[in-house]
Amino acid sequence: MTLCTEAAAVVVVEESSMAQQPRVFTMPRQQSFCPPQVLNPFVQEQRLEAKDKYREVLFGLILLPLRAMLMLLILLLAWPFAVLATSCNSHKEVVPLVGWKRFVSYTGLRFLARALFFVMGFRVKVRGKPASRAEAAIFAVAPHSTFFDGIACILAGLPSIVSRTENLKAPILGRVLQALQPILVSRLDSNSRSNTINEISRRTTSEEPWPQVLIFPEGTCTNRSCLITFKQGAFIPGVPVQPVVIQYPNKRDTVTWTWQGNTFLEALVLTLCQPYTNVEVEFLPVHIPTNEEKKFPVLFANRVRCEMASVLDVPVTDHTYEDCRLMISAGQLTLPMEAGLVEFTKISKKLNLKWDSIRDQLHQFAEIASASKGGRIKIDEFARYLKLPVSDVLEQLFALFDRNGDGTIDFREYVIGLSVVCNPANTEETIQMSFNLFDLDDDGVITEDEFAAVMRSSLGLPDLDVSKLFKEIDADKTNKLSYDEFKDFALKHPEYAKLFTTYLELQRCQVQKESEDDNQSPPPKTPDSKKTLIPNNKVHPQNSEDDISSASDKKDD
């Protein structure tokens with residue numbers, strides 16, 4: 001199949017008049033790249049009416065100081081039990097806590113932890129039964145939306161948890177956490193991820209009496225509107241996992257603590273000011289992995305996630321912690337924070353993109369969308385950025401990016417468009433072929449007249465002024481474009497790749513049509529004419545299949 005067919009730029013070029021038939025670009029669009037059902041799972045929107053604010057103040061004046069004193073008392077009572085579990089044991093990081101120390105300290109800590117949530121006003125409803133270590137070595141808890149989710153750890157019998165090293169420095173709570181023999185993660189250690197996975201595997205497959213391990217596989221807090229991508233740490237060991245789901249069925253959501261919304265202190269105070277807070281924890285049947293799931297942890301994680309999503313009746317999305325990093329970067333670039341949410345895991349795997357490349361594309365997107373308060377690109381802004389007028393071809397290119405057809409391009413659509421539409425046209429072979437087409441007199445450089453002639457032909461605009469664009473490509477200001485300048489610009493500005501190769505597609509379509517016409521009737525003889533700056537065919541149909549195989553912009557999309 002030729003590039004003409006793949007790009008679907010079907011047109012007959014009338015070079016003498018520069019008149020062209022309408023072009024129709026088509027791209028296959030798979031369901032897998034449709035926008036997620038939940039566009040931003042990292043935001044909590046809450047508006048208080050005047051009566052709600054008065055109510056909060058009234059209850060707060062009574063409940064907040066009382067509960068704060070009781071909480072402090074309980075934490076002070078927990079201190080000696082935590083000290084008992086962590087003292088006089090030089091091997092506490094490599095040997096499980098056993099014997100009377102474990103029995104006494106864990107019995108006291110479980111009782112006091114339940115009392116802590118009681119005085120905070122939590123009404124707990126439990127469904128199902130926690131599995132024993134012999135039945136399931138790992139608890140996978142989701143959705144993770146708040147620091148109050150620690151109640152699942154209490155109900156599961158105080159298993160070890162995966163926690164940041166910094167949490168051990170917290171007064172009193174740090175010592176209590178240390179008593180649970182946590183698996184620590186350090187963001188300063190480049191080997192932390194692999195060390196954590198190795199430690200999870202070591203404990204869960206060991207014959208020693210280690211406590212079970214509780215993991216929040218989402219790895220970050222959401223608003224519970226969906227289940228985001230599960231990290232593989234809980235599933236790599238290939239041992240049975242018990243899924244645990246948490247719900248907070250309250251009229252007002254005060255517990256959610258995610259990337260946009262209440263701060264830690266606001267969520268804590270607002271919750272303590274409520275007469276009571278409902279929480280439901282359900283222990284689902286243990287999921288025993290198949291041989292296939294043991295071999296492919298991603299499959300194991302996805303199946304457990306789907307089971308939990310079905311119970312919660314929420315969708316799943318492919319958002320990850322990396323989306324949160326992009327969201328913060330978008331805010332720093334004065335874009336709406338949700339502009340950075342692209343379902344990083346899905347996009348990066350399907351399009352073979354790295355974190356750095358997507359972050360760079362966010363900066364490029366911000367340059368175009370800087371004037372848009374909504375962080376979306378319209379056709380006028382797209383044309384301004386390309387230094388070209390709005391034309392049929394530009395509108396058709398814009399439509400390839402605009403996946404949902406709403407007349408704007410968001411960052412997710414921009415990333416997909418660059419990878420599916422533009423980057424495939426930026427191969428070394430195609431750039432060289434495009435340069436040769438622009439170089440009408442074959443002297444190894446492109447003049448502004450040559451550049452203008454081809455751009456006018458490809459865009460169907462005989463009066464097009466491309467001087468600004470030409471000057472931007474002409475890095476050394478010689479008024480001539482070398483191949484290195486042309487290539488450098490094409491690689492740094494992939495949006496132009498499709499426009500630069502549009503003429504190549506038109507040439508191939510024309511040659512193909514002329515070839516079909518030649519088979520039907522002999523061509524008329526025409527006298528030779530001197531060379532002009534009207535674009536000429538430099539493409540031979542007999543080589544089309546081989547020449548343009550790498551230039552195709554048709555990908556599984």
Side-chain angles (χ1 to χ4, degrees), residues 41 124-145 149-163 180 182-183 193 196-222 224-248 279-321 345-346 349:
V124 184
K125 183 176 182 180
V126 182
R127 298 191 185 94
K129 181 181 178 182
S132 66
R133 188 181 191 280
E135 296 171 314
I138 296 177
F139 295 106
V141 184
H144 185 26
S145 62
D149 289 341
I151 195 170
C153 182
I154 299 168
L155 298 175
L158 297 185
S160 297
I161 63 175
V162 178
S163 176
L180 303 183
I183 298 174
R193 182 178 181 275
T196 300
I197 292 175
N198 290 336
E199 182 63 13
I200 293 173
S201 298
R202 185 180 76 86
R203 293 194 187 186
T204 55
T205 58
S206 173
E207 294 183 358
E208 295 181 287
W210 282 104
Q212 293 161 281
V213 177
L214 185 144
I215 299 176
F216 295 97
E218 291 177 296
T220 189
C221 290
T222 70
R224 298 188 301 279
S225 58
C226 64
L227 293 184
I228 63 174
T229 300
F230 278 9
K231 293 183 179 297
Q232 299 177 39
F235 309 96
I236 288 177
V239 298
V241 171
Q242 182 172 33
V244 183
V245 297
I246 302 181
Q247 300 182 74
Y248 294 88
V279 57
E280 296 179 359
V281 180
E282 182 173 359
F283 292 87
L284 303 181
V286 174
H287 185 109
I288 301 175
T290 63
N291 290 332
E292 186 181 21
E293 290 171 347
K294 291 179 181 179
K295 187 177 180 181
F296 300 104
V298 173
L299 178 63
F300 189 5
N302 285 338
R303 286 181 177 171
V304 171
R305 181 173 65 147
C306 288
E307 291 176 10
M308 299 172 78
S310 178
V311 172
L312 293 166
D313 193 24
V314 297
V316 297
T317 71
D318 290 308
H319 293 102
T320 58
Y321 175 71
T345 297
K346 177 193 292 186
K349 287 182 178 179

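One is the number of the first residue; the rest follow in order along the sequence. Scope of the values below: all heavy atoms of this structure, side chains included, with no hydrogens, waters or symmetry mates.
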Asks: C153 and I161: which non-hydrogen atoms are nearest, and at how many Å?
Replies: SG-CG2, 3.8 Å
Asks: What is the minimum heavy-atom distance between A136 and A131, and which atoms define it?
Replies: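 Where A136 meets A131 most closely, the heavy atoms are CB-CB, 4.0 Å.
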Asks: Restricting to salt bridge (charged side-chain N to carboxylate O under 4.0 Å, His left out), what partner residues turn up for E307, sequence neighbours left out?
Replies: none
Asks: Would you list the pairs meeting side-chain hydrogen bond (donor to acceptor under 3.5 Å, both in side chains) in which at least one residue belongs to residues 126-137, sequence neighbours left out?
Replies: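 Only R127-E280, S132-E135 qualify under side-chain hydrogen bond (donor to acceptor under 3.5 Å, both in side chains).
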Asks: How far apart are the C-alpha atoms of V314 and R224, what are their side-chain angles, what is the distance that settles it, and do they pass the side chain to side chain contact (heavy atoms under 4.5 Å, CB included) test?
Replies: CA-CA 8 Å; V314 297; R224 298 188 301 279; over 6 Å; no
Asks: Taking the inter-plane angle between the rings of F139 and F283 on a 0 to 90° scale, is it parallel (under 30°), tilted (30 to 60°) or perpendicular (over 60°)?
Replies: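 Aromatic pair F139/F283 classed perpendicular.
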Asks: Using 0.5 Å steps for rounding, measure from the CG atom of L312 to the OG atom of S225.
Replies: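 Interatomic distance, L312 CG to S225 OG, rounded to 0.5 Å: 11.5 Å.
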Asks: Between P143 and C226, which heavy-atom pair has the shortest distance, and what is it?
Replies: CB-O, 4.5 Å
Asks: Is there side-chain contact between V124 and I151, with at least one heavy-atom pair below 4.5 Å?
Replies: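 Side-chain contact under 4.5 Å: yes.
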Asks: With sequence neighbours left out, what residues match T229 under side-chain contact (heavy atoms from CB on, under 4.5 Å)?
Replies: R305, D318, T320, T345
Asks: Does the pair V311 and E282 meet the rule for a side chain to side chain contact (heavy atoms under 4.5 Å, CB included), with working shown?
Replies: CA-CA 9 Å; V311 172; E282 182 173 359; 3.7 Å; yes
Asks: Write out all pairs satisfying side-chain hydrogen bond (donor to acceptor under 3.5 Å, both in side chains) with one or both partners inside residues 235-247, taking only residues at least two apart or from two chains.
Replies: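 Every candidate side-chain hydrogen bond (donor to acceptor under 3.5 Å, both in side chains) pair involving residues 235-247 fails, so no pair, neighbours aside, qualifies.
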Asks: Just how far is it from atom CZ of F235 to atom CD1 of I138, taken to the nearest 0.5 Å?
Replies: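 That separation rounds to 8.0 Å.
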Asks: Mind checking side-chain hydrogen bond (donor to acceptor under 3.5 Å, both in side chains) for E293 and listing every partner two or more places apart, or none if nothing turns up?
Replies: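 Per chain and number, E293 pairs via side-chain hydrogen bond (donor to acceptor under 3.5 Å, both in side chains) with H287, R303.
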Asks: With a 4.5 Å heavy-atom cut-off, do S160 and L214 have their side chains touching?
Replies: no
Asks: Please assess V244 against L284 for the test side chain to side chain contact (heavy atoms under 4.5 Å, CB included), listing each intermediate value before the final yes or no.
Replies: CA-CA 6 Å; V244 183; L284 303 181; over 6 Å; no
Asks: Would you indicate whether the side-chain heavy atoms of V213 and P159 approach each other to under 4.5 Å?
Replies: no
Asks: Do any pairs count as a salt bridge (charged side-chain N to carboxylate O under 4.0 Å, His left out) and have a residue in residues 150-162, sequence neighbours left out, and if so which ones?
Replies: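 For residues 150-162, and leaving out neighbouring residues, there are no salt bridge (charged side-chain N to carboxylate O under 4.0 Å, His left out) pairs at all.
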Asks: Does the E218 side chain pair with the main chain of I228, one donor and one acceptor, at a distance under 3.5 Å?
Replies: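 Present.
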Asks: If every non-hydrogen atom of V141 is compared with every non-hydrogen atom of M308, which pair is closest and at what distance?
Replies: C-CE, 4.2 Å
Asks: At what distance, to the nearest 0.5 angstrom, does CD1 of I215 lie from OG of S163?
Replies: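 It is 12.5 Å, given to the nearest 0.5 Å.
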Asks: How long is the straight-line distance from CZ of R203 back to CH2 of W210, given to the nearest 0.5 Å?
Replies: 4.0 Å
Asks: Hey, could you give me the OG1/CD1 distance between T204 and I183, rounded to the nearest 0.5 Å?
Replies: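 Separation between the atoms: 8.0 Å.
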Asks: Measure the CG-CD distance between L299 and E292 for me, rounded to the nearest 0.5 Å.
Replies: 5.0 Å
Asks: Is there a donor-acceptor pair under 3.5 Å between the side chain of D149 and the backbone N or O of S145?
Replies: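 Yes, the answer is positive, given that a donor and an acceptor are paired below the 3.5 Å cut-off.
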Asks: List the steps and the verdict of side chain to side chain contact (heavy atoms under 4.5 Å, CB included) for I200 and I236.
Replies: CA-CA 9 Å; I200 293 173; I236 288 177; over 6 Å; no
Asks: Heavy atoms, side chains only, cut-off 4.5 Å: are V286 and V241 in contact?
Replies: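 Answer no - side chains too far apart.
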Asks: Is the side chain of S201 donor-acceptor paired with the backbone N or O of I197 at a distance under 3.5 Å, no angle test?
Replies: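 Side chain of S201 to backbone of I197: a pair is present.
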